[in-house]
Amino acid sequence: MVKSISVLGCTGSIGRQTIAVAEHTGIRVAALTANRKIDMLEEQARRLHPAFVAVYDEEAAKAFKIAVADTDIRVGSGMEGLIEAATLEESDCVVTAVSGSVGLKPTLAAIDEKKRIALANKETLVCAGDIVMARAKEKGAEIVPVDSEHSAVFQCLMGRGKGELKKILLTGSGGPFRGKARAELENVTPEQAVAHPNWSMGAKISVDSATMMNKGLEFIEAMHLFSVTPDDIQVVIHPQSVIHSMVELIDGTVIAQLGVPDMGLPIQLALTYPQRCPSMFSRLDFTSLKDLSFEAPDFEKTPCLKLAMDCARTGGTAPCVMSAANEVAVGLFLRRQLGYNRIYDAAASAVEKVGVVKAPALETILAADAAARAYVLENFSK
């Protein structure tokens with residue numbers, strides 16, 4: 001069980017829930033980072049008394065430094081600030097709850113310091129999974145997944161050798177538009193897209209769940225976390241979100257991890273592993289469950305999922321380009337500058353136009369990320 005943590009992205013949904021878990025379990029919060037929400041950040045900082053706080057946005061960092069001038073909190077900014085928070089000597093675990101590829105460099109820096117990584121930032125492995133996992137193995141740093149699906153697989157595989165695994169069964173609810181054809185979604189609004197039927201999440205991940213790009217990103221992430229191929233993972237639509245994922249073993253046994261749909265549970269496990277502690281979350285009541293249903297994904301209705309799975313098989317910079325393009329497209333959609341169905345169009349077009357580099361170095365990955373973002377802004381923003 002870790003004793004102190006750095007929370008990268010503390011004002012987002014995962015970051016706020018991480019802080020609640022830390023307070024419940026008595027884990028010290030030694031560092032916080034945020035982008036611009038300095039009012040919330042100030043409230044957290046004054047309550048938690050971290051040693052260091054970083055604000056990614058430079059102007060917001062200046063305002064925050066003035067706001068906490070009466071405290072002894074050190075304040076940093078930009079990427080340097082995120083890296084300092086991730087490598088802070090007082091922290092033995094870094095919770096990567098930032099959104100997008102901005103989490104990549106701090107994660108690698110934390111790995112170099114042999115910190116435990118409580119990984120909630122999908123893009124880190126989607127963009128540079130080979131590099132990150134190789135670095136973690138080299139340095140002896142633990143990566144414990146926070147995503148509910150990967151946490152489920154992680155738990156199902158505890159104490160088992162890799163040779164026992166036949167297949168990962170990655171579950172997904174199907175989002176708020178499950179079963180609807182693309183033509184029916186032409187006029188979807190941001191408010192409709194973020195209204196997930198089971199989970200309470202931030203805006204970006206909620207839209208990704210609606211398009212099922214999120215499940216595609218998780219597909220790629222699972223490949224790296226568990227050292228498997230695309231053929232070793234099967235996506236299963238499970239609307240009730242009670243089974244968070246399953247594994248099939250070589251003898252045909254299927255092991256599932258179940259629980260209420262609350263991200264606090266996998267967050268707590270990532271911080272207390274290998275121990276388990278009493279939690280503040282509700283328990284699953286089996287007598288209240290009416291049914292548990294399962295179906296195969298319809299790729300015609302969820303082209304973002306198909307695109308991500310294709311990029312997983314292509315490899316190289318393809319997943320990075322897709323992820324970066326999708327991130328920008330979702331941002332445009334949330335600002336009402338791009339139609340819902342055009343999110344897929346933007347991501348697919350970027351993968352085709354930006355091109356793919358096989359076995360890329362980190363600098364090549366970052367360049368592909370930037371190129372994909374620029375392409376979408378130039379060709380898809382109104």
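Keep in mind the model is a prediction, meaning the values are calculated, not measured.
Counting only distance, with no hydrogens or angles, the side chain of N121 and the backbone of G100 share a donor-acceptor pair below 3.5 Å. The backbone N or O of C277 lies less than 3.5 Å from a partner atom in the side chain of Q268, making a donor-acceptor pair. A distance-only check finds no donor-acceptor pair linking the side chain of T317 to the backbone of C320 [under 3.5 Å]. The closest donor-acceptor contact from the side chain of S6 to the backbone of A85 lies under 3.5 Å. Judged purely by atom type and a 3.5 angstrom limit, D262 uses its side chain to pair as donor or acceptor with the backbone of G264. Within the 3.5 Å criterion, the main-chain N or O of T272 finds no donor-acceptor partner in the side chain of Q275. Looking only at distances, a side-chain donor or acceptor of K301 sits under 3.5 Å from a matching main-chain atom of G179. Between the side chain of D92 and the main chain of S4, a donor-acceptor pair closer than 3.5 Å is present. A donor-acceptor pair is defined here as one N or O able to donate and one able to accept, closer than 3.5 Å; such a pair exists between the side chain of T33 and the backbone of G9. At distances below 3.5 Å, not a single donor-acceptor pair connects side-chain atoms of R373 with backbone N or O atoms of V328.
Criterion: ILVMFWY side-chain heavy atoms under 4.5 Å apart, direct or through other members. Under it, M246 and V260 are part of a common hydrophobic cluster. M223 and V356 fall into different hydrophobic clusters, where Ile, Leu, Val, Met, Phe, Trp and Tyr residues are linked whenever their side-chain heavy atoms come under 4.5 Å apart, directly or through other members. By the criterion of side-chain heavy atoms lying less than 4.5 angstrom apart, applied directly or through intervening Ile, Leu, Val, Met, Phe, Trp or Tyr residues, V242 is grouped together with F281 in one hydrophobic cluster. Linking Ile, Leu, Val, Met, Phe, Trp and Tyr whenever their side-chain heavy atoms come within less than 4.5 Å puts F380 and V354 in one cluster. In this structure, M263 is a member of the same hydrophobic cluster as M280, with clusters built from ILVMFWY side-chain heavy atoms closer than 4.5 Å.
Between E90 and R74 there is no salt bridge, since none of the side-chain N atoms of the basic residue sits less than 4.0 Å from a carboxylate O of the acidic one. Remark: K62 does not engage E58 in a salt bridge, criterion side-chain N to carboxylate O under 4.0 Å. Of the charged side-chain nitrogens involved, at least one lies within less than 4.0 Å of a carboxylate oxygen, so that R336 and E191 count as a salt-bridged pair.
Side-chain contact check for L119 versus L125: some heavy-atom pair is nearer than 4.5 Å. Under the 4.5 Å side-chain criterion, counting only non-hydrogen atoms from C-beta, P106 is not in contact with V94. Residues E149 and E221 form no side-chain contact, since every pair of their non-hydrogen atoms from C-beta on lies 4.5 Å or further apart. Counting only heavy atoms from C-beta outward, the side chains of Q240 and D291 approach each other to under 4.5 Å. Proximity of L32 to I19: side-chain heavy atoms (C-beta onward) are separated by under 4.5 Å at one or more points. Using a 4.5 Å cut-off on side-chain heavy atoms (C-beta onward), T171 and S245 make contact. The closest side-chain heavy-atom distance from D72 to H49 is not below 4.5 Å. Counting heavy atoms from C-beta outward, I205 and I14 have side chains that stay 4.5 Å or more apart.
The two residues K215 and V235 come nearest to each other via the heavy atoms CG-CG1, 3.8 Å. A pairwise comparison of heavy atoms in S101 and E123 identifies N-CB, 3.9 Å as the closest pair. The minimum heavy-atom distance between A136 and I143, with the atom names listed, is CB-CD1, 3.8 Å. Closest heavy-atom contact between V351 and M322: CG2-CB, 3.7 Å. K306 and F299 get closest at one heavy-atom pair: CB-CD2, 3.8 Å. For A30 against P50, the heavy-atom pair with the smallest separation is O-CB, 3.5 Å.
For the atom pair CD1 of I220 and CE of M309, the computed distance is 10.0 Å after rounding to the nearest 0.5 Å. Residue K3 holds its NZ atom at 15.0 Å from CD1 of I5, rounded to the nearest 0.5 Å. T87 OG1 to E113 CD: the interatomic distance, rounded to the nearest 0.5 Å, is 6.0 Å. C304 SG to I343 CD1: the interatomic distance, rounded to the nearest 0.5 Å, is 7.0 Å. Taking CD1 from I237 and CZ from R178, the interatomic distance works out to 8.5 Å, rounded to the nearest 0.5 Å. Interatomic distance, T107 OG1 to D112 CG, rounded to the nearest 0.5 Å: 11.0 Å.
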Check step by step if side chain to side chain donor-acceptor pair (under 3.5 Å) holds for S381 and Q337. CA-CA 6 Å; S381 60; Q337 296 176 307; over 6 Å; no
Full working for side chain to side chain contact (heavy atoms under 4.5 Å, CB included) between R47 and E23: CA-CA 10 Å; R47 188 173 84 247; E23 290 180 303; 2.9 Å; yes
Residues H224, D130; criterion side chain to side chain contact (heavy atoms under 4.5 Å, CB included); working and verdict: CA-CA 7 Å; H224 295 293; D130 290 338; 3.3 Å; yes
Test log, rule side chain to side chain contact (heavy atoms under 4.5 Å, CB included), inputs V95 and I267: CA-CA 9 Å; V95 182; I267 290 169; 5.8 Å; no
In sequence, state the C-alpha distance, the side-chain angles, and the governing distance for Q44 and R16, and then conclude on side chain to side chain contact (heavy atoms under 4.5 Å, CB included). CA-CA 9 Å; Q44 292 175 339; R16 296 194 306 272; 4.1 Å; yes
Yes or no on side chain to side chain donor-acceptor pair (under 3.5 Å) for S323 and N326, after CA distance, side-chain angles and deciding distance? CA-CA 5 Å; S323 176; N326 173 72; 5.9 Å; no
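Heavy-atom neighbours of E138 CD from other residues, nucleotides or ligands within 6.0 Å: above the threshold of 12. Sparse packing is recorded around CD of E89, with 12 or fewer heavy atoms of other residues, nucleotides or ligands lying under 6.0 Å away. Within 6.0 Å of CG on N187 lie no more than 12 heavy atoms contributed by other residues, nucleotides or ligands.
Of the listed residues (R116, K114, K115), just one forms a salt bridge (Lys or Arg N to Asp or Glu O under 4.0 Å) with E142, and that residue is R116.
Aromatic ring orientation, F226 versus H150: parallel (interplanar angle below 30°, classes split at 30° and 60°). In this structure, F294 and H238 have parallel ring planes: the angle between them is below the 30° cut-off, well short of the 60° mark.
At a cut-off of 3.5 Å, with distance as the only test, no side-chain donor of T229 or D231 sits close to an acceptor on the other residue.
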